[in-house]
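This report concerns only the one structure given below.
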Amino acid sequence: MKVRRFIANDMQEAMLKVKAALGKDAVILHTRKFREGGIFGFFGRDLVEVIAAVDDGDFNHSTNKTPSPSLSPILASGPLKVENLEVKKEIAEVKTLLGQMIEELELSTFQGSSYPKYFEQAYRVLRASEVEEKLAHKIIHEALQLLQPEQWQDVTEIHRTLETLIARRLLRPHPIIFKKAGEKKRIAVVGPTGVGKTTTIAKLAAIFAILEKKEVALATVDTYRVAAVDQLKTYAEIIAVPLEVAYTPKELQDALAKHGEKDLILIDTAGRSPLNEVQMAELKAFLEPSSEIEIFLVLGATTKQTDLWDAVARFSQLSIKRLIFTKLDETQSYGVILNVVNRLRKTLAYVTAGQNVPDDIEVPDPVKIAKKILRVKEK
C-alpha cells in the first residue's frame, strides 16, 4: 500500500492531487485544515492536509514481513482506525468503506463551492429542469469523476457524459411485451385524478387490438363518475373490444374470469386522491386479491413536486410494477421523470404527449429524455 501526504489550498485541489498521484482507487485516511505562515496568528493562509492511500500489491499482513517504509511512520503511532476499522483488516473491506467516505467528502466539498465553469452551467440546467438538488449534485459529481481535468473545458464531452449518466439512471424501459405464445397480461392503471388514465387505457387498447392483433378486453372500476364509464365505453366501441364495469372486487374477479382467454385485459380505475385513505383502501381491495394483475402508476409530468411526492408515497402502498408519465407536451421540466424513477427504482413503461388515440403514446427513450433534461435541441 502506498500512503501519501498532500497539502493544498482547498479540498477540491487536494482531491485532484490525490487522483493525479494515486488514481481513482485511492482512499482518504485522514484530513485536517491548518493555517501556515503569518505573524501572531494573522496574515497566514488556510491549507488542507490529506493523507491518502492506494493498494499497490506490496502490502502484506504477514508478521514475517516489515511494512513498507511509506507506511511505517503511521503504524508506529499505533493502529490507525477509520470508521472503527483497523488498517490491518482486509484491504478490500477498508476500500469499500473508505470509498464511500471519499465520495461523500468530494460531493460535500463541491456542494459548498462552485463547480468548474461548464459543470456549474450544467448543474443550473438540471435544476431548471426540476431535477432534485441532491440528485443534480450527484450527477455532476459523477461526471467530474469520469472526466479528466483536461476534459473539463470540452462542452461536447461533458454533455455526452451527462447524457449517459442520466439515461443510465432512467433505467431500461419495460413496456407491455408478450414474450411467448399464449402469454396473458392483466394490467391495472392507477394514479391521481386528472393525469389521463382513461385516455392512456384507450391508447394501449388500440395499439394491441388493432396494431398488434391481440385479443383485448377492457374493465373499469371507476364507477364514481358516469362520464368516465361513458368515455371508456365509447373507446371500446370504436376499437371493437368488450368492456366490463365492476362495482365490487368480486365483480372484477368475475370479469377477469369471463375474459380469461383474452391476451390482454386493461383495467381502468377511478382517479383517487392520494390523501384519501378510504379511497386508497378501496383501490387495494379491488386489485390486491389477484396476483395476476400488474399495476402501472400513471403520473403527470406537469404535477408540482409536492403533490407528485404525495401521490408517489400513497400509491406505493400498492405493488407498483411500472410507471407511465403523461402530458410531456405540456412541460419542459422533464427532471420530474428522473426524480421519480431514481427514487422508486421502477422502470418506465410508456410516456404520452397529447390526446390523440393511439398516436400520442410511445415507449420512452432514456437518451431522448436525458437530452430534454439537459435542454439539448434534437437535430
Side-chain angles (χ1 to χ4, degrees), residues 126 129-136 138-139 142 163-179 183 185-197 199-201 203-204 207-208 264-269 271-275 280 283-284 286-288 290-328 331 333-353 361-370 372-373:
L126 291 177
S129 293
E130 298 191 24
V131 175
E132 290 184 300
E133 182 180 7
K134 184 177 180 180
L135 179 55
K138 192 163 184 62
I139 291 170
E142 289 175 354
E163 281 180 17
T164 300
L165 290 172
I166 293 171
R168 187 181 301 158
R169 284 183 176 275
L170 286 167
L171 308 178
R172 181 185 300 174
H174 281 83
I176 301 170
I177 297 176
F178 293 87
K179 296 181 179 179
E183 187 175 7
K185 296 283 186 179
R186 278 79 181 106
I187 309 294
V189 174
V190 304
T193 304
V195 294
K197 295 185 298 299
T199 305
T200 299
I201 285 274
K203 292 173 181 177
L204 292 174
I207 288 173
F208 284 97
L264 175 65
I265 301 177
L266 296 166
I267 305 165
D268 195 13
T269 63
R272 308 282 172 152
S273 167
L275 302 180
M280 291 302 299
L283 187 57
K284 291 174 73 173
F286 271 102
L287 302 180
E288 290 196 344
S290 178
S291 60
E292 64 181 340
I293 297 177
E294 297 181 34
I295 303 175
F296 286 22
L297 174 60
V298 182
L299 298 169
T302 57
T303 306
K304 65 180 182 180
Q305 291 273 11
T306 53
D307 293 339
L308 187 70
W309 291 126
D310 282 340
V312 167
R314 297 306 178 101
F315 282 101
S316 291
Q317 298 174 36
L318 304 171
S319 301
I320 302 300
K321 187 77 170 179
R322 304 276 185 264
L323 300 171
I324 298 176
F325 266 90
T326 60
K327 303 186 179 183
L328 268 62
T331 184
S333 300
Y334 279 47
V336 296
I337 302 174
L338 178 63
N339 295 339
V340 175
V341 172
N342 182 74
R343 188 178 295 191
L344 289 186
R345 305 305 295 171
K346 302 292 184 182
T347 58
L348 293 166
Y350 299 96
V351 292
T352 75
I361 188 170
E362 63 181 16
V363 177
D365 179 347
V367 174
K368 183 178 177 180
I369 295 176
K372 292 284 189 180
I373 291 173

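The structure presented is a predicted model; accordingly, all values stated were derived computationally and were not measured. Along the sequence shown, the residues carry numbers beginning at 1.
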Shortest non-hydrogen contact from [X] to [Y]?
X      : Y      : answer
Val190 : Lys197 : C-CD, 3.4 Å
Val312 : Leu344 : CG1-CD2, 3.6 Å
Leu165 : Glu142 : CD2-OE1, 3.6 Å
Ala167 : Pro366 : O-CB, 3.7 Å
Lys327 : Gly194 : NZ-O, 2.7 Å

[atom1] of [X] to [atom2] of [Y]: how many Å apart, nearest 0.5 Å?
X      : Y      : atom1 : atom2 : result
Ile207 : Ile176 : CD1   : CD1   : 8.5 Å
Ile337 : Ile373 : CD1   : CD1   : 6.5 Å
Ile293 : Phe286 : CD1   : CZ    : 10.5 Å
Phe296 : Leu318 : CZ    : CG    : 14.0 Å
Lys138 : Leu126 : NZ    : CG    : 14.0 Å
Phe315 : Leu283 : CZ    : CG    : 6.5 Å

Strictly distance-based, threshold 3.5 Å: is any side-chain N or O of [X] a donor or acceptor partner for the main-chain N or O of [Y]?
X      : Y      : result
Asn342 : Arg169 : no
Glu130 : Asn339 : no
Thr303 : Gly300 : yes
Ser129 : Val131 : no
Tyr334 : Ala301 : no
Thr326 : Val195 : yes
Thr352 : Ile361 : no

Ile369/Leu338 under side chain to side chain contact (heavy atoms under 4.5 Å, CB included): CA gap, chis, key distance, verdict: CA-CA 9 Å; Ile369 295 176; Leu338 178 63; over 6 Å; no
Side-chain ion pair, Glu362 and Lys368, N-O less than 4.0 Å: yes
Salt-bridge contact Lys185-Glu294 (side-chain N to carboxylate O under 4.0 Å): yes
Leu266/Phe208 under side chain to side chain contact (heavy atoms under 4.5 Å, CB included): CA gap, chis, key distance, verdict: CA-CA 11 Å; Leu266 296 166; Phe208 284 97; 5.8 Å; no
